[in-house]
Amino acid sequence: MLYYSHVNEDNLVERRLAQAFEPDYLVTITGSGERVMSLLDVPSVKEVVAVDFNAAAQFLLELKLTALKAFSTKDYLAFVGAKSSSQDRWAMYQQLEGQLSEAARAYWKKHPSDLRKGILNIGHFERFLKRIRPLLKLYLGKQFYRQFSSDLPLNGSFPKWRWKLLKGLFSSRLTFQMMGMKDVAFINPDCDTSLIGKGFQEVIDEQLVRRSFMMNLVFNGHLDWMDARSLPPSLTTKVLDDTKERLGNQISLRYLCDDFKEAVNQLEFPKHSRIFFSLSDMLSFTQFEYLKEVVAHLKAQGYENIQMVIRSFLRNRMGAEKLQELRRLGVELTDHSEEERSKMYKVYSIRFIPNTIDD
């Protein structure tokens, strides 16, 4: 199953940090592939290792990158479904098929309807939103949706009790279960789903609705109304143009279909190299000890020039005690949560401190 196919994290955070760090290597959890694509134009990166135990996620990223290499940026955005298009996406795919790996070809051959919909719109999360979106539009009405075309706050004629009730539903794990959500990041018993309602409310209070990719995707299903300057980097023309150029001969790609910790245990890089790890919301699917073991392994291997970005969503939010446990391994932690535009994630960067470990 593809759990995500569109942007579901604010990849601008990783992008800013990677550009400042100037890594030689990028190691990333693949996910929807959008976070990976936001980093491929970083000039210093010469190799990318995309890791995911879900083979479908790897095939999705492979197809996105193959399409970007083959098509103009405009046609790429049409093919993936970022823009509406009259072009036959299946016919476009057939132009790419011979450039894909055998495993990817076999996968996509079984999913022609997904290709026709646009591959940004086929994940479990995106399908879930498509099911509930008509109900949201009917319930909230035109007054609510005017926020997407204006920075003005909701006026007095909007029945705010409707929003309050809906926010309560968004904050209930039972709601997601009843609507068919299967992702443990939303329905596991230890999920604090109240963070979703709080995040939406913060975006509304700060009058950032039309600039929020998450609000636009949830309530509109597209980013067409967003200011171009607020779009996620992986969907902007400049980033895609630069990435397209780099994919030609400036950067190499490796796909590892494996558990992330197992993959990291097998990877070897020159000890002096600078390595950037983009770990997504790993803590939605693993416990804190898993992250700690990854960090400890890399420290034990003697790597010194490493920076990581790790998120937590509704599960396993790291309190002061757990952050201190990580620091004892010889790393610096910086909280970037205020930079995360969805207002729903805790985001930390982890920077290795040379030759230090506290027993």
Side-chain angles (χ1 to χ4, degrees), residues 4-23 26 28-45 48 50 60-85 87 89 92 96 118-123 125-126 148-149 151 203 208-248 250-251 253 276 278 280 309 311 336 339-343 345 347:
Y4 302 95
S5 56
H6 213 309
V7 176
N8 63 302
E9 299 169 5
D10 185 7
N11 46 48
L12 192 61
V13 177
E14 279 88 347
R15 182 174 172 79
R16 288 171 177 162
L17 291 170
Q19 287 174 327
F21 185 59
E22 298 182 333
L26 169 65
T28 176
I29 293 176
T30 304
S32 71
E34 292 298 298
R35 187 171 26 78
V36 185
M37 296 186 67
S38 73
L39 299 171
L40 294 180
D41 69 326
V42 175
S44 62
V45 174
V48 176
L60 178 65
L61 176 59
E62 183 181 346
L63 180 55
K64 287 180 178 181
L65 294 178
T66 302
L68 181 58
K69 288 173 66 175
F71 298 141
S72 68
T73 298
K74 180 179 178 182
D75 284 347
Y76 166 80
L77 291 169
F79 173 71
V80 299
K83 299 291 183 183
S84 57
S85 175
Q87 297 187 66
R89 293 191 178 104
M92 295 178 76
L96 308 172
I119 54 177
L120 287 183
N121 307 307
I122 61 173
F125 180 62
E126 289 75 24
F148 292 99
S149 57
D151 287 330
V203 171
L208 297 173
V209 170
R210 71 171 179 162
R211 284 171 277 180
S212 166
F213 72 89
M214 187 65 77
M215 292 288 285
N216 277 271
L217 284 179
V218 170
F219 294 99
N220 295 320
H222 59 75
L223 306 182
D224 295 351
W225 297 343
M226 289 186 69
D227 186 310
R229 294 168 296 181
S230 301
L231 285 170
S234 59
L235 295 172
T236 60
T237 299
K238 178 65 166 62
V239 172
L240 291 171
D241 283 344
D242 290 347
T243 299
K244 181 181 175 71
E245 182 177 349
R246 297 209 74 219
L247 289 172
Q250 298 176 34
I251 192 167
L253 291 153
F276 189 89
S278 178
S280 182
V309 176
R311 283 180 169 76
H336 300 273
E339 300 173 37
E340 169 69 52
R341 292 175 294 176
S342 73
K343 308 294 186 182
Y345 291 86
V347 188

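FYI, side chains are in, hydrogens and waters are out, and symmetry mates aren't considered; it's all heavy atoms of this structure.
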Colleague: Hey, mind stepping through V203 and M214 against side-chain contact (heavy atoms from CB on, under 4.5 Å) and telling me if it holds?
Modeller: CA-CA 10 Å; V203 171; M214 187 65 77; over 6 Å; no
Colleague: Are the side chains of I251 and L26 in touch, meaning some heavy atoms are under 4.5 Å apart?
Modeller: no
Colleague: Measure across R210 and N216 and return the closest heavy-atom pair with its distance rounded to 0.1 Å.
Modeller: O-ND2, 3.4 Å
Colleague: How long is the span from the CE atom in M226 to the CG atom in N220, to the nearest 0.5 Å?
Modeller: 10.5 Å
Colleague: With a 4.5 Å cut-off on side-chain heavy atoms, are D10 and Y345 touching?
Modeller: no
Colleague: Can you check whether K64 reaches I119 side chain to side chain, under 4.5 Å on heavy atoms?
Modeller: yes
Colleague: Any idea which heavy atoms bring G123 and S5 closest together, and the distance?
Modeller: N-OG, 2.9 Å
Colleague: Please tell me if the side chains of L120 and L235 come closer than 4.5 Å, counting only heavy atoms from C-beta onward.
Modeller: yes
Colleague: Only pairs under 3.5 Å count here: list side-chain donor-acceptor contacts from residues 67-81, not counting sequence neighbours, and write none if there are none.
Modeller:
{"residue": "S72", "atom": "OG", "partner": "D75", "partner atom": "N", "Å": "3.1"}
{"residue": "T73", "atom": "OG1", "partner": "D241", "partner atom": "OD1", "Å": "2.4"}
{"residue": "D75", "atom": "OD1", "partner": "Q87", "partner atom": "NE2", "Å": "3.2"}

Colleague: Would you mind reporting whether V45 and L39 have side-chain heavy atoms less than 4.5 Å apart?
Modeller: no
Colleague: Which of these, R15, K244, R246, sits in a salt bridge (Lys or Arg N to Asp or Glu O under 4.0 Å) with D41?
Modeller: R15
Colleague: Please report the interatomic distance OG(S212) to NZ(K343), rounded to the nearest 0.5 Å.
Modeller: 9.0 Å
Colleague: Using the side-chain contact (heavy atoms from CB on, under 4.5 Å) definition, which of the options T236, D242, T237 pairs with V239?
Modeller: T236
Colleague: Nearest 0.5 Å please: distance from the CZ atom of F213 over to the CZ atom of R341.
Modeller: 6.5 Å
Colleague: Mind checking what makes side-chain contact (heavy atoms from CB on, under 4.5 Å) contact with N11, not counting sequence neighbours?
Modeller: V7, E34, R35, S38, P232, P233, S234
Colleague: Give the C-alpha distance, both sets of side-chain angles, the deciding distance and a yes or no for side-chain contact (heavy atoms from CB on, under 4.5 Å) between E339 and R16.
Modeller: CA-CA 10 Å; E339 300 173 37; R16 288 171 177 162; 3.8 Å; yes
Colleague: Find the distance between OG1 (T28) and CE (M37) and round it off to the nearest 0.5 Å.
Modeller: 12.5 Å
Colleague: Hey, does V42 have a side-chain heavy atom less than 4.5 Å from the side chain of F21?
Modeller: no
Colleague: Less than 4.5 Å apart, any side-chain heavy atom of L217 and any of N8?
Modeller: no
Colleague: Quick one: CG on L60 to OG1 on T30, what's the gap to the nearest 0.5 Å?
Modeller: 9.5 Å
Colleague: Not counting sequence neighbours, which residues clear side-chain contact (heavy atoms from CB on, under 4.5 Å) with E62? List them please.
Modeller: F59, T66, L100, S101, A104, Y255
Colleague: From L223 CG over to F148 CZ, what is the distance, rounded to the nearest 0.5 angstrom?
Modeller: 10.5 Å
Colleague: Do E14 and R311 have side chains that get closer than 4.5 Å, going by heavy atoms?
Modeller: yes
